[in-house]
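What's counted below: heavy atoms across the whole structure, side chains too, no hydrogens, waters or symmetry copies. Every chain is numbered from 1 and lettered A, B, ... according to where its sequence line falls, protein lines coming before strand lines.
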Amino acid sequence: MLLNFPSLFPMQNDESQPDESQPQPPNPGPSPELVNRYGLVPPDFEAAKTDVQRKTLDQRAQIDELARLRHSCAHILATAVLRLWPDALLDIGPWTEDGFYYDFDLKHRFSPDDFPKIEEEMRKVTKENQVFEKSIKTREEALAYFAGKGQKFKVERLGDIPEGEVISFYQNGEFVDLCAGPHVMRTGNVKPSGIKMLKVASAYFRGNEKNPQLQRLYGTAFKNKEELDKWVTMQEEAKKRDHRKIGAEMGLFAFDAEYVGPGLALWLPKGTVLVEELERLAKETEFQAGYVRVKTPHLAKEKMYKTSGHLPYYADSMFPPMELGELDGEERQQLEAEISNLRAKEAMHSFELSQLHPVNDIARFLSVSDSLKSVRQDLEKPKMPVTRYYLKAMNCPHHHRIFAAEPRSYRDLPLRLAEYGTNYRYEQSGELFGLMRVRALNMNDAHLYCTAEQFAEEFRAVNDMYLKYFKIFGIEKYQMRFSTHDPARLGQKFVNEPELWKKTEDMVRQVLIDSGINYVEVANEAAFYGPKIDVQVWSAIGREFTIATNQVDFAVPARFGLTYRDRDNTDKTPLCIHRAPLGTHERFIGFLIEHYAGNFPLWLAPEQVRVLTLNDDAALVDYAKAITAELRANFVRVEGDYGADPVKAKISDAEHARVHTMLVIGGRDMEAGAVSVRLHGKGNIGAKPKAEAIADILASIRERRA
RNA sequence: GCCGGUGUAGCUCAGUGGUAGAGCAACGGUUUCGUAAACCGUAGGUCGUCGGUUCAAUCCCGACCACCGGCUCCA
């Protein structure tokens, strides 16, 4: 019950982000004797949930100047906090992409009101120009130091340092911290005007929700005030691109937590335009790639998800089932038999009871009376077996049943079933986030059933489809995350098919290399049924999202007993590729809104063209209406604004509504058979013959120009 | 789900222990103008919901709901 090594002291990154590094030997942690000697309370912390890899000392030595500065700031922050709240317990203070943080445990609840005080104290620390002094300690010395101060989180962290790695302390002024560095030379190297405290948050110790929650103070630092101000301005600009803000401004979508429910997006007419344009793009692309479309219901019986393996493991992420009292034939017979059996017993017992004397036959009377009571209770118990239906959280099982609905031959493969399927996932309340994380989502889904021989070609084609889409949308910053299995966990976390794992992973890797794609490989993160590729993108407000996924599945088709008749007249199980290049409408459109800042290309723009007249002169309005009608006849989303308001006001309205193309028409244009073209955000680009302007618009839409 | 914060008109925000305002948007008029905002007027709110304290609550207290910032999670 004391210490259970090494699980209590797993490998863990003590100061920073996960990073690629060499696998580390298991960490021994402090010995139980040591812990005893210093009178520590046996730690009851949970391990980190995912293996986080420590940075090697070499990697630390190579970090850039800014990270060094920020990491030093984390120490300065902790120095200041300890001066203000001496009882604070320390955890860790790494640098991050945007700044730094430090985790504390203390009674006082931090609030942004504390920031001026904290920043002031940090400024003092920089003015004191303390040296960051490094010293090497033995494990025992380090443990004694932190145990003596009651710094229990630090004691835990000590256990993360692998045997053989030096244990170093850094001291600035009175503040001493376990730290592998590196730092700037002196606190005076940090310009106080370049520091800013950002937010207070909470974080579980070691990222495990079973551990205590610490208070995390986020800050950022730059080498001077100018750089800091620049960053602050950029953050403010990014906030204006927030899809939640633009979505409301443009009338794209809405949430109605009161009547519809949290996380359930309503697509307004203008947002629906985006949905349908994306679907059109997907349908065209998939048609050309040889996909066929299917339609499936939004729910299925419990058996479906028992078979697929999603229950009970994913039940928490699914909406609770609907329970129906309907029985099928066999169940009904069973139930009826059971009930008539109970009725018979009831009759028997009551007859016997009526024959017994309550006093003379007291023992028997009581016994029968008890039996009767119990039978009657059983009869009252609504033991009606129910049929459970679940809203589908994924489409694959339905597609598998479509595969199973008809006999399949190798000649039918590859079979590519595509559907914009609606899925329902019961995301935790704190996880909902605008359109990016919702509870009802429309997935650009398809399942490709193929033979092992066809696999590489199919996978390559899917990959090409991703690249095609990225080009259309001008998505340049993305990363493909290739998740593979861990051979040590075959048969546990991953299906025990070592050869298939190796074969498919090799094929996937080769496709990635051949395509010259930017990717990272992460071990141990594959789906249980096969390796996968996730595409990560970064939204304008800096959040990272998985926007698309592509997974290999060589397990679930077998669970459903899917087979095809092969050339040699035997039945074989197909491989399955799950793919969703456009992810879900919700997340993809959320991303596109931020990507384009609401300024969509013409083919996507909810209002593509607005025709504005200079005045409401009848002849002019007729001319304008004819243009509007011609565009509309060609399926252009066009509106007219023919009133008497000043043209400046009309233009302002159209610009604010982010109308892509404005056709401004006055007497001069009418006489010349022309229109003046103005593009949103780009201003007036001059007059053009009417026919030419219309042809341009149609071509831009047809070609889905950027 | 957890920690913290927020909740006033469609939007952005004022405001007070004695039942509420502004600008923009909307609506009705007027305005006939060449590339980002013409003028006048009208209407609009159970101050998130429920409970408590009080003579009196939008304001103070509590619970709940939703949203926001994180954490955890994300098939």
Side-chain angles (χ1 to χ4, degrees), chain A residues 48-50 101 103 109-113 198-218 242 244-245 248-249 251 254-258 261-263 305 308-311 313-318 392-397 423 425-434 436-438 441 443 526-529 532 534 541 543 545-546 549 551 553 556 578 580 587 612-618 620-621 642-657 662-669 676-687:
Chain A
K49 297 183 120 178
T50 50
Y101 65 81
D103 284 349
R109 310 304 300 183
F110 288 128
S111 91
D113 299 338
L198 296 175
K199 53 197 169 195
V200 45
S202 82
Y204 297 104
F205 177 61
R206 278 202 171 117
N208 186 319
E209 78 276 11
K210 299 207 172 61
N211 285 333
Q213 272 192 324
L214 308 176
Q215 298 190 69
R216 176 171 295 179
L217 290 178
Y218 279 97
D242 190 323
R244 293 165 296 187
K245 192 174 159 62
E249 280 168 12
F255 286 95
D256 182 349
E258 191 183 357
Y305 303 107
S308 71
H310 289 105
L311 283 177
Y313 303 108
Y314 298 120
D316 281 353
S317 306
M318 296 173 75
K392 64 177 176 181
M394 66 292 295
N395 304 304
C396 17
N423 295 165
R425 300 181 179 186
Y426 193 77
E427 303 286 0
Q428 297 186 87
S429 62
E431 268 315 316
L432 301 174
F433 179 73
M436 301 293 205
R437 196 79 180 270
V438 290
L441 39 110
M443 194 177 294
F528 74 90
Y529 45 68
K532 65 173 181 176
D534 290 320
I541 39 185
R543 288 202 181 214
F545 289 96
T546 296
T549 186
Q551 309 178 355
D553 183 346
V556 181
H578 308 235
R587 188 171 286 183
L612 318 174
T613 55
L614 242 67
N615 55 55
D616 64 354
D617 172 72
L620 190 63
V621 171
Y642 314 128
D645 287 342
V647 75
K648 273 176 181 260
K650 292 185 182 184
I651 285 170
S652 174
D653 285 350
E655 289 281 357
H656 281 124
M662 288 149 272
L663 300 180
V664 181
I665 297 171
R668 290 207 299 265
D669 302 296
S676 291
V677 180
R678 179 185 172 102
L679 299 180
H680 170 58
K682 300 198 176 95
N684 184 9
I685 59 165

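Nucleotides B/G15 and B/C74 place their P atoms 44 Å apart, quoted to the nearest Å. Spacing between B/G28 and B/C71 at atom P, rounded to whole Å, works out to 49 Å. Between B/G44 and B/A37, the distance separating the two C1' atoms is 23 Å to the nearest Å. Remark: the separation of the P atoms in B/G1 and B/C59 is 26 Å, to the nearest Å. For the C1' atoms, the distance from B/C68 to B/U54 is 33 Å, rounded to whole Å. Taking the P atom of each, B/C24 and B/C40 are spaced 10 Å apart, rounded to whole Å. Atom name C1', nucleotides B/C3 and B/G45: the rounded distance is 33 Å, in whole Å. Taking atom C1' in both B/A20 and B/U58, the straight-line distance is 8 Å, to the nearest Å.
One can find a donor-acceptor pair under 3.5 Å joining the base of B/A37 and the side-chain atoms of A/H656. Contact of A/D669 with B/G34 (side chain to base): a donor-acceptor pair of N or O atoms is detected under 3.5 Å.
Using a 4.0 Å heavy-atom distance criterion, A/A393 is classed as a base contact. Contacts of A/Y218 with the nucleic acid, taken as non-hydrogen atoms under 4.0 Å apart, involve only primed sugar atoms and P, OP1 or OP2. If you check every strand for non-hydrogen atoms under 4.0 Å, A/V664 touches a base. Among the heavy atoms of the strands, none lies under 4.0 Å from A/E249. A/T549 comes within 4.0 angstrom of no nucleic acid atom, judged by non-hydrogen atoms across all strands. Residue contacts shown for A/G667 include a base, since a base heavy atom lies under 4.0 Å away. Among the protein residues, A/D653 comes within range of no part of the nucleic acid, since none of its heavy atoms lies under 4.0 Å from any strand.
Nearest nucleotide to the A/R216 side chain, out of B/C71, B/C73, B/C67: B/C71. Closest to the side chain of A/R437, out of B/C71, B/A75, B/C74, is B/C74. Listed nucleotides: B/A37, B/G69, B/U35. Nearest to the side chain of A/A649: B/A37. For A/D616, the side-chain atoms get nearest to B/U32 when compared with the rest of B/U32, B/C68, B/A66. In this structure, of B/U32, B/U35, B/A75, it is B/U32 that holds the atom nearest to the side chain of A/N615.
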Secondary structure string for RNA chain B (Watson-Crick or G-U under 3.5 angstrom, | for other-strand pairs): (((((((..((((....[..)))).(((((.......))))).....(((((..]....))))))))))))....
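Straight-line distance from the CG atom of A/D645 to the P atom of B/A36: 16 Å, rounded to whole Å. Atom-to-atom, CG of A/L612 to P of B/U35 comes out at 13 Å; the value is rounded to the nearest Å. Between the CZ atom of A/R206 and the C1' atom of B/C71 there is a distance of 16 Å, rounded to whole Å. Taking atom NZ of residue A/K650 and atom P of nucleotide B/U32, one finds them 13 Å apart after rounding to whole Å. The distance between atom CZ of A/R678 and atom P of B/U35, rounded to the nearest whole Å, is 9 Å. Across the protein-nucleic acid pair, A/M318 atom CE and B/C74 atom P stand 16 Å apart, rounded to whole Å. The interatomic distance linking A/M394 (CE) with B/C74 (P) rounds to 13 Å, in whole Å. Between the P atom of B/C74 and the NE2 atom of A/H310 lies a distance of 13 Å, rounded to the nearest Å.
Minimum interatomic distance between A/Q551 and A/A527 (heavy atoms only, all atoms of both residues): OE1-CB, 4.5 Å. Nearest heavy atoms, A/Y642 versus A/T613: CA-OG1, 3.1 Å. The nearest pair of heavy atoms linking A/V200 to A/P112 is CG1-CD, 3.9 Å. Contact record, A/A687 with A/D669: CB-OD1, 4.1 Å, taken as the closest heavy-atom pair. Considering all non-hydrogen atoms of both residues, A/N423 and A/M394 come closest at OD1-CA, 3.5 Å.
Remark: side-chain polar atoms of A/Q215 are paired, donor with acceptor, to backbone N or O of A/F110 under 3.5 angstrom. Within the 3.5 Å criterion, the main-chain N or O of A/T546 finds a donor-acceptor partner in the side chain of A/R587. A donor-acceptor pair is defined here as one N or O able to donate and one able to accept, closer than 3.5 Å; no such pair exists between the side chain of A/K392 and the backbone of A/P397.
The 5' end of RNA chain B is approached more closely, in terms of each residue's nearest nucleotide, by A/N684 than by the other of A/A257 and A/N684. Toward the 5' end of RNA chain B, the nearer of the two residues A/A203 and A/P262, judged by each one's closest nucleotide, is A/P262.
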Take A/V556 and A/F528, measure what side chain to side chain contact (heavy atoms under 4.5 Å, CB included) needs, and give me the verdict at the end. CA-CA 10 Å; A/V556 181; A/F528 74 90; 4.1 Å; yes
Can A/K650 and A/M662 be said to form a side chain to side chain contact (heavy atoms under 4.5 Å, CB included), step by step? CA-CA 10 Å; A/K650 292 185 182 184; A/M662 288 149 272; over 6 Å; no
Take nucleotides 1-11 of chain B nucleotide by nucleotide from the 5' end and write B, S or -, depending on whether a protein heavy atom sits under 4.0 Å from the base, only from the sugar-phosphate, or from neither. BBB--------
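Phosphate contact (OP1/OP2 of B/G69, side-chain N/O of A/K199, threshold under 4.0 Å): absent.
Under the salt bridge (Lys or Arg N to Asp or Glu O under 4.0 Å) criterion, A/R216 pairs with A/D103, sequence neighbours left out.
Aromatic ring pairs are classed by plane angle as parallel below 30°, tilted from 30° to 60° and perpendicular above 60°; the pair A/H310 and A/Y305 is perpendicular.
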